[in-house]
Amino acid sequence: MPQRSCCGPGLWNIQYNKKLNLSFTKRTRAVAFADDLLLIIRGESVRKAENFANIEMSKINSWSKRNKVGFNEAKTKTMLISRRKRKEAKEIKIYLNNKPIKEVTTMTYLGIIIDDKLKFSQHISNAADESAKLIFSLSKSAKIHWGLQHEA
């Protein structure tokens, strides 16, 4: 779709909606916002979740070939989320276009940093750091006797 065009979002929604209506299994939930797609897949074990994910990715891959839409494998990431301490291997191998998807331990989705334990400590510390930088910048520019006036 042409970026920043008037009809781009509408055409994209028409095209993208078909992907969201694919026949995913009951273990899969597809969440989309603009051009970001998040697949949430549940499994009793790491291997079962990996198998379900590869099945769903093959559905998306065949949909993309039918509709002549490509996905950037470099921007696609996978993350295993679990609070349990498992004795099985925790690395997962999921493929898109027959290429392995990079596995990460943290991911930013819609501005929120999510980690593999669903703890938001990294997101909170990142927000605190950004706030501290903003407060420092404001304090440098507005002092009692110099700089911007308090009204500004």
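No experiment lies behind these values; they were computed from the predicted model shown.
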Peer 1: Taking the side chain as every heavy atom from C-beta outward, state whether I40 and V31 have any pair of such atoms under 4.5 Å apart.
Peer 2: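 Result yes, sub-4.5 Å side-chain heavy-atom pair found.
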Peer 1: Among pairs that include at least one residue of residues 100-116, which meet side-chain hydrogen bond (donor to acceptor under 3.5 Å, both in side chains), considering only residues two or more places apart or in two chains?
Peer 2: none
Peer 1: Should we say atom NZ of K117 is surrounded by more than 12 heavy atoms from elsewhere, each under 6.0 Å from it?
Peer 2: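 Above 12, so yes.
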Peer 1: Does any pair with a residue in residues 50-59 pass salt bridge (Lys or Arg N to Asp or Glu O under 4.0 Å), and if so which ones, sequence neighbours excluded?
Peer 2: R47-E50, E56-K59
Peer 1: When rounded to the nearest 0.5 angstrom, what distance separates CD1 in I114 from CD in Q122?
Peer 2: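 It comes to 11.5 Å.
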Peer 1: Hey, could you give me the OG/CE distance between S64 and M57, rounded to the nearest 0.5 Å?
Peer 2: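 So the OG of S64 and the CE of M57 are separated by 9.0 Å.
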Peer 1: In the single-linkage hydrophobic clustering (I, L, V, M, F, W, Y; side-chain heavy atoms under 4.5 Å), do L39 and I55 co-cluster?
Peer 2: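 No, it is not one cluster - the side chains of L39 and I55 are not joined through contacts under 4.5 Å.
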Peer 1: For N97, check side-chain contact (heavy atoms from CB on, under 4.5 Å) against everything at least two apart and list the hits.
Peer 2: N61, E73
Peer 1: How far does CD1 of I113 sit from CZ of F120, to the nearest 0.5 angstrom?
Peer 2: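 Reported value, rounded in 0.5 Å steps: 10.5 Å.
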Peer 1: Rounded at 0.5 Å granularity, tell me how far CD1 in I41 sits from CD1 in I94.
Peer 2: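 Taking CD1 in I41 and CD1 in I94, the distance rounds to 6.0 Å.
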Peer 1: Are Y95 and M79 in one and the same hydrophobic cluster, where Ile, Leu, Val, Met, Phe, Trp and Tyr link if side-chain heavy atoms are under 4.5 Å apart?
Peer 2: no
Peer 1: Is it true that L80 and I101 fall in one hydrophobic cluster, defined by side-chain heavy atoms closer than 4.5 Å?
Peer 2: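 Yes: a chain of side-chain contacts under 4.5 Å links L80 to I101.
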Peer 1: Nearest 0.5 Å please: distance from the CZ atom of R66 over to the NZ atom of K68.
Peer 2: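 Result: 11.5 Å between the selected atoms.
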Peer 1: Would you check, one step at a time, whether the test side-chain contact (heavy atoms from CB on, under 4.5 Å) holds for F24 with I60?
Peer 2: CA-CA 10 Å; F24 293 120; I60 289 175; 4.2 Å; yes
Peer 1: Look at atom CG of N98 and say whether more than 12 heavy atoms of other residues, nucleotides or ligands are closer to it than 6.0 Å.
Peer 2: no
Peer 1: Rounded to the nearest 0.5 Å, what's the gap from OG on S131 to CD1 on I124? Could you check?
Peer 2: 11.5 Å
